Amino acid sequence: MAQAGLFGDAAASPVSNDEKKIATLREQIRQYDYQYYVLDAPTVPDSEYDKLYRELQALENANPQLITTDSPTQRVGGSPLKAFASITHRQAMLSLNNAFEEDELLAFDKRIREGLGREDIEYAVEPKFDGLAITLTYENGLLTQGATRGDGYTGEDVTSNLRTIRAIPTRLHTTTPPKLLEVRGEVLILKRDFEKLNREQEARGDKLFANPRNAAAGSLRQLDPNITRTRPLTFFAYGLGAAEGIPMLATHSAAMDYLAGLRLPVCRERATVKGLQGILDYYQNIGNKRTVLPFDIDGVVYKVNSLSQQNELGFVSRAPRWAIAHKFPAQEALTVVEAIEVQVGRTGAITPVARLKPVFVGGVTVTNATLHNEDEVRRKDVHAGDTVSVRRAGDVIPEVVSVVLEKRPADARAFVMPTTCPICGSHIIKQEDEAIARCSGGLFCPAQRKQAILHFASRRAMDIEGLGEKLVDQLVDAELVHTLADIYRLDMGTLANLDRMAEKSAQNILDALEHSKKTTLARFIYALGIRNVGEATAKDLARHFGSLQAVQQADIEALLQVPDVGPIVADSIFQFLGEPHNREVIAALMQAGIHWQENAGKANTIGVLTGKTLVLTGTLPSLSRDQAKELIEAAGGKVSGSVSKKTDFVVAGAEAGSKLDKAQELGLVILDEAALLAMLPAAT
DNA sequence: GATCCTCGAGTTCT
DNA sequence: CTCGAGGATC
């Protein structure tokens, strides 16, 4: 057989008969794997396959020196890992820009035509799998590594798990393997396999998976490949990464044909189409087939087919300009509103919430959905008892889309805004010109007190780790904490007596409290929770006044001098600080030992970014959002939440959303993390 | 007075 | 992320 040379150089061995037999068996099994897992068209019964497999195993056991890593018997091996190693991708695994509406697609096609200066664009189109993006590395035809996408720059080494997936060849089907080939694709579980898997889970009394995607993700992230092996994972390739020694390829579709020739599974629904009409027809076509496809998809991907045209178009920040993912509309599900209750926020805001009969939508089970305010409830006309359509808007937050009026039961109850606070009984007051009703109880209201404490302890404020909702509930309900200052009076005796709190966790809380005492003036002002004073305003105040005393002594006139402080904000601050109770609490907090460097804000505001406004979007590869913000502020720059003409730079990371789109529309300078870091003075 | 820009506040689930 | 509303600007 022509391919015998691939198995290495053991020609003169005395076991050459076995060796030949082994080579034949491996080839046969690979062939059957290919037919079964890639073509989905088995040609032999399982029993025949098993027979060959056992035969190969026996021969290999008798001749262990002939075992090679690409043998079908070697798909499982190794012991469980402690953790996955981190892998830096040779070539970044980019994400695609998304389009939800037809006009976004029109804009995409227009950009392409204008960018290339021609009208006849050919697109390679394919379904967008709802699975996990991975990359496979083949060196000289052998699978040597597999990794998850991670943040696009570094991922996790899941090689031994990927080896268990029979659809993934451990050796490429070719006599002239490329020196290096990175294959990009998606690991997923077919719908029919998912149902079977869940039936098995149920029979064993194990937890059911919410959907094929979660099941695939969970299976791939198993530290023990022996578990992964039992999960029905499959794979589809959709692109190339780094490559050396591959044939010349002119188009994306030719690249896919090349991969198919190497016996990598590629999607059968892929096609090439001409122009905008072509992609719209394809979208329609796949949308119609969606439910009968064997796998879950969440949209369709369009890529400019010509690789030279792709090059010409290039990239914007992290996403290629020559491709776009056209997502299907968010899936909606029907459920019943069991009740409409209200929540009390930190400022006393009364928010109606729909308690829903649990419903599975967009990958999670939803039980609550905010209705924002009374007007919103009116507008949507939601009654308790109604059947409503629910979706997860903007990726995460559940939203009641509409009411199915025909299904309204006779005993459905309209929402009535309570007149008194359900927590403290104080009057609820709604200002004529405001959309939001508020509990007038102030800090007398336990709900508001709890929220005030949580805000005080939150990461961007005093950053007291461990002081979360559960603990605050207990502390307030047991009347152990009345004011913010009381939390610094907590001691071991009190804490260790609480539920779910032994000495160890109590000590952690005490340490966190101690740690939080060293802070900054801006954080402290923000932590107080003054109405209309958020992080940005707190920073402005700290910078302008320099000391707490100066802020406390300021009159309205003085407060108005602060940038971005107008009459309403000035009044909030003045009222808050004039309140004797608040003065006492602040004094007690200082007494407890809270301190900071006075005037810290005034220095070092001159840097390379002085006067510049930046906006962060998406996930950066190595910096957290807060870290990036700190770096920018240290260089004198300002980080803002929204993109406008006044924005100087937009720093975009993975999964960048609408802010990136807007930045592109406005033609702003877009940086990635590396470019940002390059602008900053070398870190010390 | 209108418009644009930014900030504050609230929110779900894993 | 999104809405609403406060502040700045013209």
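The chains referred to below are lettered A, B, ... by the order of the sequence lines, with proteins before strands, and numbering in each begins at 1. The structure presented is a predicted model; accordingly, all values stated were derived computationally and were not measured.
Comparing B:dT6, B:dT14, B:dT11 against the side chain of A:Ser644 picks out B:dT6 as the nearest. Comparing B:dA9, C:dG6, B:dT14 by their nearest atom to the side chain of A:Arg346 picks out B:dA9. Closest to the A:Val569 side chain, of the nucleotides B:dT14, B:dG10, C:dG6, is C:dG6. Minimum atom distance to the side chain of A:Arg531 is reached by B:dA9, of the listed B:dG8, B:dT6, B:dA9. Across B:dC13, B:dA9, C:dG7, the shortest atom-to-atom separation from the side chain of A:Asn368 is found for B:dC13. Picking from B:dT11, C:dA8, B:dC5 the nucleotide with the shortest atom distance to the side chain of A:Asp564 gives C:dA8. Considering only side-chain atoms of A:Thr367, the nucleotide from B:dT6, B:dC13, B:dT14 that sits closest is B:dC13. Checking B:dC5, B:dC13, B:dC7 against every side-chain atom of A:Lys638, the shortest atom distance belongs to B:dC7. Side chain of A:Ser640, nearest nucleotide from B:dT6, B:dG8, C:dG7: B:dT6. Side-chain proximity of A:Thr347 to C:dG7, B:dA9, B:dT6: nearest is B:dA9.
Sequence order on DNA chain B of the closest nucleotides to A:Val366 and A:Gly345 puts A:Gly345 first from the 5' end. Checking A:Ile350 against A:Thr365, the closest nucleotide of DNA chain B that is more toward the 5' end is the one next to A:Ile350.
The distance from atom CG of A:Leu528 to atom P of B:dA9 is 13 Å, rounded to the nearest whole Å. Atom CG of A:Asn532 is separated from atom P of B:dA9 by 6 Å (rounded to the nearest Å). Spacing between atom CZ of A:Phe209 and atom P of B:dT14 amounts to 15 Å, rounded to whole angstrom units. Atom CG of A:Asn373 is separated from atom P of B:dG8 by 21 Å (rounded to the nearest Å). Going from atom CD1 of A:Ile530 over to atom P of B:dA9 covers 10 Å, rounded to whole Å. Rounded to an integer number of Å, the gap from A:Arg438 CZ to B:dG8 C1' is 11 Å. For A:Leu541 and C:dG7, the CG to C1' distance is 14 Å, given to the nearest whole Å. With rounding to whole Å, A:Leu371 atom CG is found 15 Å from C:dT2 atom C1'.
The shortest side-chain heavy-atom distance between A:Ile568 and A:Asn532 falls under the 4.5 Å cut-off. Using a 4.5 Å cut-off on side-chain heavy atoms (C-beta onward), A:Pro212 and A:Asp130 make no contact. Counting heavy atoms from C-beta outward, A:Lys612 and A:Phe649 have side chains that approach closer than 4.5 Å. Side chains of A:Ile428 and A:Val342 form no contact here, defined as non-hydrogen atoms less than 4.5 Å apart.
Within the 4.0 Å cut-off from OP1 or OP2 of B:dG10, not a single side-chain nitrogen or oxygen of A:Gln343 is found.
Taking the six-membered ring for Trp, A:Phe295 and A:Phe129 have ring centres closer than 6.0 Å.
A:Thr370 comes within 4.0 angstrom of the backbone, heavy atoms only, and of no base.
When each of A:Lys450, A:Arg438, A:Gln448 is paired with A:Val344, the side-chain contact (heavy atoms from CB on, under 4.5 Å) condition holds for A:Gln448 and for no other.
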